[in-house]
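Residue numbers begin at 1 in each chain, while the letters A, B, ... track the order of the sequences.
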Number of protein chains: 2
Amino acid sequence: MKNSTVEKATASVGIIGFGAFGQLIAKHLNQKFELLAYDPSPHLGEDVSKLGVSLASLDQVAKCDVIIIASPVSSFESVVKSIAAICRPGAIIVDVGSVKVQPSEIMDRFLPEYVSIVATHPLFGPQSACNGIRGLKIAICPIRGHHHIHVAAFLRKYLGLHVIMTTPDQHDRDAATVQGITHLIAKVLLRMEPLPSRMTTKSFDLISEAISMVQHDAPEVFEAIENANPYAKEVRQRFFGLAFELSSNLEDSEEHD
Amino acid sequence: MKNSTVEKATASVGIIGFGAFGQLIAKHLNQKFELLAYDPSPHLGEDVSKLGVSLASLDQVAKCDVIIIASPVSSFESVVKSIAAICRPGAIIVDVGSVKVQPSEIMDRFLPEYVSIVATHPLFGPQSACNGIRGLKIAICPIRGHHHIHVAAFLRKYLGLHVIMTTPDQHDRDAATVQGITHLIAKVLLRMEPLPSRMTTKSFDLISEAISMVQHDAPEVFEAIENANPYAKEVRQRFFGLAFELSSNLEDSEEHD
């Protein structure tokens, strides 16, 4: 650990799903908490040992004071069901996925009454966090209990994040545009590569930078953003509808020239 | 003028078309040259007098040592024909439009043999130039004569621009993507307003910033980029084709879930 003089809090934090994002969480919490991590994949990166976590069984991780679920959306429900019978009274269950309506409903339905539930969405990925996370945004949706207040205070004070309190529904409405459109544009432009890099405008450079920030996101992230967000399809169809309309107008105006 | 101690060069510079971009040119050249400007519109902004230019007739402007054509693409050919009979031997004719193949052909066809022709495309607009132009890019295509060397040296040394030497054809190929795609995305997203501004990611913020840089561009700029660039239609159709394909894949994958 980088700084052994920092006194660790007594709370234990368990991370379920130790992919790129789970590892990013560990990197930012390992000086403050005893961290346990569980991942079903046997192929974890070699750097895991440097992250200050102990790899553990799902059973052990599910008994922590705070449990952070960082699994892909596809296995989210089965993870929640697995930990439901194990987690202890007073535990705080936190998720970090890109959509909030479905996961919140799943957690609320399957987790026992004696746990608190806080749904979160860090509005950044390993790429945008590479220069630190201070000032970056995180959305928080209180689902059950009042522990969202402590989670929010910790994220603000200790990690310097900009906390946005919202509801799962409002989150997914906004994210359908914010993430849905960004990833659509990125997917399309990545298929058009190589893109010009020399003769460019400032605005094109900004779009290129935006693309580079999401292009290494796991395929599950795109899948979640486009298919697990109930508003994504509507936004996508509006985007493509307007694009098609604009395209037709341009071809028409050309014919009349 | 801001700094009357700067000695003016003996060359006279005439600007034809005194809209937003013509005025931007004046702002950056008025300490170095005697500037004359001509615009067919009687409605010039009140700030024109502060720009250090004298408004003049087309006849007077076309007799300058350097003539910069900053007219919309739609009136470009008629402007070139008008000055062809007036401009003096040794004059340097420069254009600044967003496309280069067509305007270069028009200048080469109609301007007398005794003038030099340098086609340019400053890769910025009044919006992106609001904090100064040092370090911004400008494409230069030598069309006739060797004066592009002097123009390039001046732009580099005096204005601090990053000069990119290219050909009209290569310029339009690159610009079809760089500007065509940026403006298409901007047009579509502006029609989707209001866009989220609170719960956003860094990459979405970059795309929003890109849009804000082009949203106040004159309609003629969009028109030129999309219709006067011979490669724009192809790039546009590729973009929309890939977008449509992606959209179909997403709706399909949803049905199979």
Go through [options] and name the one with the most non-hydrogen pairs under 4.5 angstrom from chain A.
options	answer
B:V235, B:L206, B:V178	B:V178
B:F222, B:F239, B:F124	B:F239
B:Q237, B:Q179, B:M192	B:M192
B:H171, B:M213, B:R198	B:R198

How many angstroms lie between atom [atom1] of [X] and atom [atom2] of [Y], to the nearest 0.5 angstrom?
X	Y	atom1	atom2	answer
B:T201	A:H121	OG1	NE2	8.0 Å
B:N227	A:E251	CG	CD	8.0 Å
A:I207	B:T182	CD1	OG1	4.0 Å
B:K187	A:L250	NZ	CG	9.0 Å

Heavy-atom distances under 4.5 Å only: say whether [X] touches chain A with side chain, backbone, both or neither.
X	result
B:F240	side chain
B:S197	backbone
B:H162	neither
B:A243	both
B:A175	both
B:I211	neither
B:I185	side chain

- Item | Residues, nucleotides or ligands: over 12 heavy atoms within 6.0 Å of B:F244 CZ | no
- Item | Distance-minimising heavy-atom pair for A:S203 and B:A210 | O-CB, 3.4 Å
- Shortest non-hydrogen separation from A:I164 to B:M199 and the atoms involved: CD1-CA, 3.9 Å
Of the listed residues ([options]), which shares the most heavy-atom pairs with chain B below a 4.5 Å separation?
options	answer
A:R191, A:E245, A:K202, A:Q127	A:R191
A:R173, A:K137, A:Q170	A:K137
A:I138, A:L189, A:T177, A:T200	A:T200

